Amino acid sequence: MKRLVIFDLDGTLLNTIADLAQSTNYALTQLGYPTHPQEAYPLMVGNGINKLLERALPEKERTDENVRRMREAFVPYYDVHNTEWSIPYPGIPELLSGLHRQGTLLAVASNKYQEATEKLVRYYFPAIPFQMVLGQRKGVPVKPDPAIVHEILDHTQIASEEVLYIGDSGVDMQTALNSGVTVCGVTWGFRPRAELESFHPHHMVERAADILPLTRL
């Protein structure tokens, strides 16, 4: 039986790729760089905003200074526009409600910066009482470092064997394995199934409804 389920955000709970693409292209345009089609962005995301911005830059322009300049353009724009196109994946609201009704604790562990993580969770899932909603914060290493998961476990006082971690990328699979918790990969997100399977997750699901029974194992 799993007492706590930890979710990744982008590509797992929410399809955010259109807003991320639009905001990154805005920053690129502001700095005079070429933009990318939306379909190029799923393989750029997953390791935090700075890594996204670095990957979006032309290869010869990927300097710390240019990433900083990109972030200065990206963040204010994304903060305003990050709910224009983002949407929960099919079945996710029902899954969260079902988990809550059965008494399972819920948390979010994202590599998106903290302010945007909190805003999106509050905006799209206002009725769900998450125990913690954590994003990327200064001084805290990003996933796949297990620090963010350990922080949630310390706060909830739940043992690792009673935790199910849900994510859509190799970063998520590695995060869960590094944390010693059970991991479930979802096939509806930003990364191909083969990437997730290469980490040999405990479970793989194709529908949000398939997650609920895993918490009862």
Side-chain angles (χ1 to χ4, degrees), residues 2 4-17 19-20 41-52 82 86-93 95-96 99 104-125 128 130-137 140-153 155-156 158 160 163-193 195-208 210-212 214-215:
K2 301 303 182 186
L4 169 67
V5 179
I6 302 174
F7 289 92
D8 172 53
L9 182 61
D10 299 72
T12 302
L13 293 178
L14 296 175
N15 185 350
T16 56
I17 205 67
D19 288 325
L20 288 168
Y41 278 96
L43 293 180
M44 296 188 197
V45 301
N47 299 90
I49 294 299
N50 283 3
K51 183 57 71 171
L52 163 63
N82 58 19
S86 296
I87 188 172
Y89 285 101
I92 287 296
L95 170 64
L96 295 176
L99 289 168
T104 304
L105 302 182
L106 303 171
V108 172
S110 176
N111 272 345
K112 186 188 294 291
Y113 60 96
Q114 182 69 25
E115 295 80 6
T117 300
E118 290 179 348
K119 176 189 174 182
L120 290 176
V121 171
R122 186 170 57 247
Y123 182 89
Y124 288 102
F125 311 113
I128 302 299
F130 289 96
Q131 298 295 304
M132 298 190 86
V133 175
L134 298 182
Q136 187 273 320
R137 293 152 293 151
V140 180
V142 298
K143 300 183 297 184
D145 189 285
I148 192 170
V149 173
H150 290 163
E151 187 174 348
I152 293 170
L153 299 189
H155 175 78
T156 58
I158 302 294
S160 58
V163 178
L164 179 64
Y165 182 104
I166 313 293
D168 73 301
S169 70
V171 169
D172 292 309
M173 303 302 98
Q174 190 63 61
T175 301
L177 295 172
N178 289 345
S179 306
V181 302
T182 301
V183 60
C184 174
V186 303
T187 61
W188 56 74
F190 298 157
R191 299 295 179 133
R193 184 186 186 112
E195 177 179 314
L196 280 68
E197 289 179 335
S198 70
F199 290 89
H200 307 290
H202 302 93
H203 308 285
M204 288 281 293
V205 298
E206 297 182 357
R207 302 181 309 144
D210 296 332
I211 292 172
L212 194 62
L214 299 181
T215 65

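Just so it is clear, the model here is predicted, and its values are computed rather than measured. Hydrogens, waters and symmetry mates are skipped; everything else that's a heavy atom, side chains included, is used.
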> Do you know which two heavy atoms are closest between Y124 and N82, and how far apart they sit?
Replying inline: OH-O, 4.4 Å

> Hey, are the side chains of L134 and V108 touching, using non-hydrogen atoms and a 4.5 Å cut-off?
Replying inline: no

> Is there a donor-acceptor pair closer than 3.5 Å between any side-chain N or O of N111 and the backbone N or O of G46?
Replying inline: yes

>> My understanding is that only residues two or more places apart in sequence, or in another chain, count here; which of them pass side-chain contact (heavy atoms from CB on, under 4.5 Å) with A208?
In response: I92, L95, W188

>> Tell me whether the count of non-hydrogen atoms from other residues, nucleotides or ligands lying under 6.0 Å of CG in L43 goes above 12.
In response: yes

> What heavy-atom pair brings T12 and F7 nearest, and what distance separates the two atoms?
Replying inline: CG2-CD2, 4.2 Å

> Is the closest side-chain heavy-atom distance between N15 and F190 below 4.5 Å?
Replying inline: yes

>> To check you understand the geometry: which heavy-atom pair defines the closest contact between G11 and V186, and what is its length?
In response: O-CG2, 4.1 Å

> Do N47 and L52 have side-chain heavy atoms sitting under 4.5 Å apart?
Replying inline: no

>> For a side-chain contact (heavy atoms from CB on, under 4.5 Å) check, start with the C-alpha distance between I17 and V45, then their side-chain angles and the critical distance, and finish with the verdict.
In response: CA-CA 9 Å; I17 205 67; V45 301; 4.0 Å; yes

>> Side chains of L106 and L4, heavy atoms from C-beta outward: is any pair under 4.5 Å?
In response: no

>> Regarding E151 and R137, does a basic nitrogen lie under 4.0 Å from an acidic carboxylate oxygen?
In response: yes

> Do M204 and E197 have side chains that get closer than 4.5 Å, going by heavy atoms?
Replying inline: yes

>> Please determine whether the number of non-hydrogen atoms from other residues, nucleotides or ligands lying under 6.0 Å from atom NZ of K119 exceeds 12.
In response: yes

>> For a 4.5 angstrom cut-off between non-hydrogen side-chain atoms, does K112 reach D10?
In response: yes

> From I148 CD1 over to S110 OG, what is the distance, rounded to the nearest 0.5 angstrom?
Replying inline: 7.0 Å

> Does any N or O in the side chain of N178 come within less than 3.5 Å of the main-chain N or O of P144, such that one atom is a donor and the other an acceptor?
Replying inline: yes

> What's the verdict on side-chain contact (heavy atoms from CB on, under 4.5 Å) for T104 and L164, showing C-alpha distance, side-chain angles and the deciding distance?
Replying inline: CA-CA 10 Å; T104 304; L164 179 64; over 6 Å; no

> Any donor and acceptor pair, going by atom type alone, linking the side chain of Q114 with main-chain N or O of V133 inside 3.5 Å?
Replying inline: yes

>> Run the side-chain contact (heavy atoms from CB on, under 4.5 Å) test against F199 and tell me which residues pass, sequence neighbours left out.
In response: M173, Q174, L177

>> As a test of understanding, state which of D172, T182, D8 forms a side chain to side chain donor-acceptor pair (under 3.5 Å) with Y165.
In response: D172

> So, for P42 and R191, which heavy atoms are closest and what is the spacing to 0.1 Å?
Replying inline: O-NE, 3.4 Å

> Just by modelled atom types, is the A109 backbone N or O under 3.5 Å from a matching donor or acceptor in the K143 side chain?
Replying inline: yes

> Out of I152, V183, I158, which residue meets the side-chain contact (heavy atoms from CB on, under 4.5 Å) rule with V163?
Replying inline: I158

> Under a 4.5 Å cut-off applied to non-hydrogen side-chain atoms, are F125 and L14 in contact?
Replying inline: yes

>> As an exercise, state the distance from OG of S169 to CD of E195, rounded to the nearest 0.5 Å.
In response: 6.0 Å

> Could you state the interatomic distance from CG (L120) to OG1 (T117), rounded to the nearest 0.5 Å?
Replying inline: 7.0 Å

> Is there a donor-acceptor contact under 3.5 Å from the side chain of E206 to the main chain of T187?
Replying inline: no

> Any idea which heavy atoms bring P146 and S179 closest together, and the distance?
Replying inline: CB-OG, 3.3 Å

> So, do V5 and L105 sit near enough that their side-chain heavy atoms are less than 4.5 Å apart?
Replying inline: no

>> Using every non-hydrogen atom in the two residues, find where G167 and L196 come nearest and quote the distance to one decimal.
In response: O-CD2, 4.0 Å

